[in-house]
J.: 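Got a structure for you, written out below as structure tokens; questions coming shortly.
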Amino acid sequence: MANGLDDVVAAETVLSDVDGAGGHLTIRGHSLTELAGHWRYGQVVRLLFDGFFDELPGDDELEKAIGNARVEVCERLQPMLGELPALDVYSGMRTGIALLPDGDSLADALRLIAVPAVLTPALLRLGRGEKPVPPDARADHANDMLRMLSGTASPALAKALDTYLVTVCDHGLNASTFATRVVASTQAGLTSAILAGLGALKGPLHGGAPGPVIQMLDAIEASGDAAAWLRNEIARGERIMGFGHRIYRVRDPRADVLKAVVRRLGTRYETGSRLAFAETVEQAALDVLRVAKPQRSIQTNVEFYTALLLEAAGFPKEAFSNVFAAGRVAGWIAHAREQQATGRLIRPQSRYVGPAPDLVA
Ligand code: COA
């Protein structure tokens, strides 16, 4: 068996399906394109949570409850805020989440949804020597995140961020969701399970990729020759960030959704020239990868255009994984609840390949 558990089915889920051959993502019976840009993040949280919590309120009430949770966690974490900027922005968010109670109720879940959205802008502002902007319980989740980041939120950017949060809300049994389910299977609380997901998401092979995409675009721009830069990276044994996927053998459908969002922003937010440059880099990378790795179909993944979208929304690259977590946390919670409901501990076997013990005479 491969070390990466390739092709192993480790859970049954009603939450999402990743069709790697066809390039389709289904979230609770809806295709990604049906949801992204059409449903608000709060509505998708409700879709994912449906059946996993008693007495789930309707869409509007749930969105209000998420708004109240933002205010509650802001007040709860206020006394510790001064300590967290000493850490990098991802670790600061993770530490803040670890301070929450470890329950399984809807209130616990909504606090977990709220923390990345509240702490990420607050920590970024504190890091810049600015006062955090408190959340507005009545605002839409994405709109409020941007308002807490920069004091204002244009409707176009809020819509773009909302579409991003929906696009990344769930994605089958990816590494962070699997980690979340393993912890949930022990019947530990939601905070413990979500901390496991956060740990797994951080790595550059998973949710840590979009920051390095910006570094790559900047380095290629400085070098002036995309193909030569990319070939050199591969010759050095490096991976091209924003390309390749364990499941997709065709283009990641989320890449197209996010690229369309960036294109729509382009005319108003001067992302147009960045997008045009990124498109030439994307094409060069696909050409170079096709030649360098002919045995593998390596296509553009979600992180490539995530980088452009979050940059346009005003987030610095070191906070991109935080924003990913702000979207994915809904999926993690739903998976944790689904796993808890099975009552079954996830406990696979390992095969011992080490030395035998010395035989005692
Ligand atoms: N750049 C260069 N080579 C890549 C690559 C990339 N982005 N992705 C895969 N490969 C190569 C590997 O080096 C390997 O080559 P080899 O057989 O010559 O050793 C081959 O493709 C298969 O690699 P493997 O690790 O088995 O592929 P995988 O499908 O399991 O990997 C990722 C999936 C996501 C870990 C991988 O594509 C990657 O590291 N991508 C870059 C990071 C990224 O964008 N992550 C976000 C994912 S949404």
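Given the structure is predicted, the values throughout are model-derived calculations rather than measurements. We count ligands from 1, going down the list as the structure has it; atoms in each ligand are counted the same way.
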J.: Side chain or backbone of Asn301 under 4.0 Å from ligand 1, or both, or neither, by non-hydrogen atoms?
T.: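 Contact part for Asn301 vs ligand 1: side chain (C-beta onward).
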J.: Specify side chain, backbone, both or neither for Gln295, according to which of its non-hydrogen atoms lie closer than 4.0 Å to ligand 1.
T.: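 Gln295 to ligand 1: side-chain contact only, backbone stays beyond 4.0 Å.
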J.: Which residue owns the protein heavy atom closest to atom 41 (C) of ligand 1, what's the atom, and how far is it?
T.: Phe243 O, 3.4 Å
J.: Indicate yes or no: at least one non-hydrogen side-chain atom of Val89 is less than 4.5 angstrom from one of Phe315.
T.: no
J.: Below 6.0 angstrom between ring centroids: does that apply to His171 and His206?
T.: no
J.: Assess whether atom CZ of Arg344 is packed by more than 12 heavy atoms of other residues, nucleotides or ligands within 6.0 Å.
T.: no
J.: Specify whether His141 and Tyr41 have parallel, tilted or perpendicular ring planes, treating 30° as the upper limit for parallel and 60° as the lower limit for perpendicular.
T.: parallel
J.: State whether Glu311 and Arg274 are salt-bridged, where the test is any N-O pair (Lys NZ or Arg NE/NH1/NH2 against Asp/Glu carboxylate O) under 4.0 Å.
T.: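 Yes, charged N to carboxylate O under 4.0 Å.
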J.: Please verify whether a non-hydrogen atom of His206 lies at under 4.0 Å from ligand 1.
T.: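 Yes.
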J.: Under 4.0 Å, counting heavy atoms only: does Gly242 come that close to any atom of ligand 1?
T.: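 Yes, Gly242 has a heavy atom closer than 4.0 Å to ligand 1.
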J.: Which is it for Ile298 and ligand 1 at heavy atoms under 4.0 Å: side chain, backbone, both or neither?
T.: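 Side chain only; the backbone of Ile298 stays clear of ligand 1.
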J.: If I apply the N/O under 3.5 Å rule, does Ile234 come out as touching ligand 1?
T.: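 Not met; the criterion fails.
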J.: Is the distance between the ring centroids of His335 and Phe52 less than 6.0 Å?
T.: no
J.: In Å and rounded to the nearest 0.5 Å, what is the CG to CG distance from Asp170 to Leu32?
T.: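 Result: 11.5 Å between the selected atoms.
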J.: Just heavy atoms, cut-off under 4.0 Å: does Asp252 contact ligand 1 by side chain, backbone, both, or neither?
T.: neither
J.: Considering only heavy atoms, does Pro204 approach ligand 1 within less than 4.0 Å through its side chain, its backbone, both, or neither?
T.: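 Just the backbone.
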J.: Can you check which of Arg239, Arg246, His171 brings a heavy atom nearest to atom 35 (C) of ligand 1?
T.: Arg239
J.: Measure from atom 16 (P) of ligand 1 to every heavy atom in Gln299, His245, Lys293 and give the option owning the shortest one.
T.: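 The option holding the nearest heavy atom is Lys293.
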J.: Given Arg46 and Glu63, is the salt bridge (Lys or Arg N to Asp or Glu O under 4.0 Å) satisfied, shown in steps?
T.: CA-CA 9 Å; Arg46 194 182 185 289; Glu63 289 188 273; over 6 Å; no
J.: Indicate yes or no: does an N/O atom of Ile240 lie under 3.5 Å from an N/O atom of ligand 1?
T.: yes
